[in-house]
Amino acid sequence: MSIFDHFKKPGKTPETSPTASAAPQLKDFHPYDTGLSQAVMALSEEFNKKAPSIRTPCSHSQFIALLAGICALRKTPGIPGPGQSGPGYFTALPRCTSPETEAECRAHLKEVFGITDKPSLLDFCKKDICCNSQYLDFVGFWEGRPPFDLARLDKGALEFFQVARDFSAQFYPIVGHKGYLAWDISECVGHLRTGYACGLLTREDLEEMAGYWIAQAQFFNGWADFAVSLVCGELYWDFRHGSKLPELNQGLDLWTRLIRILLDDNTAWGSGMWYVPTDKTGQ
């Protein structure tokens with residue numbers, strides 16, 4: 001368990017993203033100069049040029065599939081890949097095609113992630129994937145409304161917290177309060193997609209559990225906005241797990257390529273398809 005887990009706040013959501021000038025009295029704000037923020041800013045400009053400026057309505061299930069677009073680009077044992085599916089690949093929710101492939105997928109989830117059922121899938125996402133509550137804790141300190149007393153941390157935990165906070169500070173002028181939310185959404189919905197494909201989740205489970213993330217996605221203006229938050233979250237997740245600058249730049253290159261694939265495909269994010277819930281549950 002990471003040192004941040006004690007301070008996670010379930011259900012915490014971002015506010016309207018500030019700009020640097022909108023929050024001039026930041027406290028203990030010392031961004032690392034890694035060069036990553038400059039690269040992300042350039043990607044933000046690129047993504048905004050690529051992504052459609054107008055949203056096209058889509059269905060609830062299509063949007064779940066689109067939110068899991070990065071997952072769909074990965075090779076997951078037992079699940080048909082893009083080359084084995086039709087033109088609606090990025091807007092369809094796949095199922096394993098036989099008991100053998102279903103077992104293969106389940107074995108993959110168990111071996112790699114320790115996921116064997118619905119509760120363990122939810123537990124994995126909460127403990128091992130979600131990062132945005134940590135980012136929002138950092139924002140609280142920067143903006144003078146600390147969510148907890150740093151004196152509660154021992155020396156090692158305090159040092160690690162400060163390092164993670166200062167690493168994240170470089171992205172604050174770019175993503176504001178949206179932070180790493182797109183990472184949480186993309187990875188969690190991706191695991192829901194996989195759980196549904198191999199039968200760990202029913203269709204009703206999937207629709208209900210994804211509804212929360214669909215509601216969270218409404219904080220974004222569209223896929224370009226979503227993609228920038230996703231990149232920042234990926235960089236933080238790698239950093240939190242020990243990656244140094246060379247590895248972080250390699251991760252940035254990989255995720256940039258994946259996002260470009262989705263933004264360039266008019267059946268994926270390049271379509272501009274976006275679902276807006278009609279009620280608070282995301283349905």
Applied to residues 220-229, the side chain to side chain donor-acceptor pair (under 3.5 Å) test, sequence neighbours excluded, yields Lys178-Asp225
So CE of Met209 and CD1 of Ile214: to nearest 0.5 Å the spacing works out to 12.5 Å
Polar contact flag, side-chain donor to acceptor under 3.5 angstrom, Tyr236-Gln134: yes
So CG of Leu66 and CH2 of Trp269: to nearest 0.5 Å the spacing works out to 9.0 Å
- Query: Side chains of Asp253 and Thr256: donor-acceptor distance under 3.5 Å anywhere?
  - Reply: no
Is a salt bridge present between Arg165 and Asp137, judged by a nitrogen-to-oxygen distance below 4.0 Å? no
- Query: His191 and Phe113: ring-ring contact (aromatic ring centres under 6.0 Å, His included), yes or no, with the steps?
  - Reply: CA-CA 10 Å; His191 279 84; Phe113 306 112; 4.8 Å; yes
The single option from Trp213, Trp237, Phe226 that satisfies ring pair (Phe, Tyr, Trp, His ring centres under 6.0 Å) with Trp183 is Trp237
For Lys75, is the NZ atom crowded, meaning more than 12 foreign heavy atoms sit under 6.0 Å from it? yes
Between Ser243 (side chain) and Asp238 (backbone), is there a donor-acceptor pair under 3.5 Å?
yes
Scan the side chains in residues 91-98 for donor-acceptor partners under 3.5 Å anywhere in the protein, sequence neighbours excluded, and list what turns up.
| residue | atom | partner | partner atom | Å |
| --- | --- | --- | --- | --- |
| Thr91 | OG1 | Gly88 | O | 3.2 |
| Arg95 | NE | Tyr196 | O | 3.1 |
| Arg95 | NH1 | Tyr196 | OH | 3.4 |
| Ser98 | OG | Glu100 | N | 3.4 |
| Ser98 | OG | Glu100 | OE1 | 3.3 |
| Ser98 | OG | Thr101 | N | 3.2 |
| Ser98 | OG | Thr101 | OG1 | 3.2 |

Fill in: Check ion pair Arg74-Glu187 (N to O, under 4.0 angstrom)
yes
**Asked** Which of parallel (below 30°), tilted (30 to 60°) and perpendicular (above 60°) describes Phe161 and Phe141?
**Response** perpendicular
Any side-chain donor paired with an acceptor under 3.5 Å for Gln170 and His30? no
ask   = Can the ring centroids of Trp274 and Phe220 be said to lie less than 6.0 angstrom from one another?
value = no
Applying side-chain contact (heavy atoms from CB on, under 4.5 Å) to Asp123 and not counting sequence neighbours gives Lys127
Query raised in the report: Step by step, would you call Glu247 with His241 a side chain to side chain donor-acceptor pair (under 3.5 Å)?
Result: CA-CA 11 Å; Glu247 293 83 12; His241 287 80; over 6 Å; no
Practice task
Inspect the contact between Glu207 and Arg203 and indicate whether a charged nitrogen and a carboxylate oxygen are less than 4.0 angstrom apart.
Solution key: yes
Practice item. Look at the rings of Phe171 and Phe167 and say which category their plane angle falls in: under 30° parallel, 30 to 60° tilted, over 60° perpendicular. Key: perpendicular
Assess whether side chain to side chain contact (heavy atoms under 4.5 Å, CB included) is satisfied between Asp166 and Phe29, documenting all intermediate values.
CA-CA 7 Å; Asp166 294 347; Phe29 187 75; over 6 Å; no
Is a side-chain donor or acceptor of Ser168 paired with a backbone partner of Ala164 at a separation under 3.5 angstrom?
-> yes
query: Any side-chain donor-acceptor pair under 3.5 Å between Tyr275 and Gln218?
result: no
Donor-acceptor check, side chain of Arg106 to backbone of Thr116, threshold 3.5 angstrom: yes or no? no
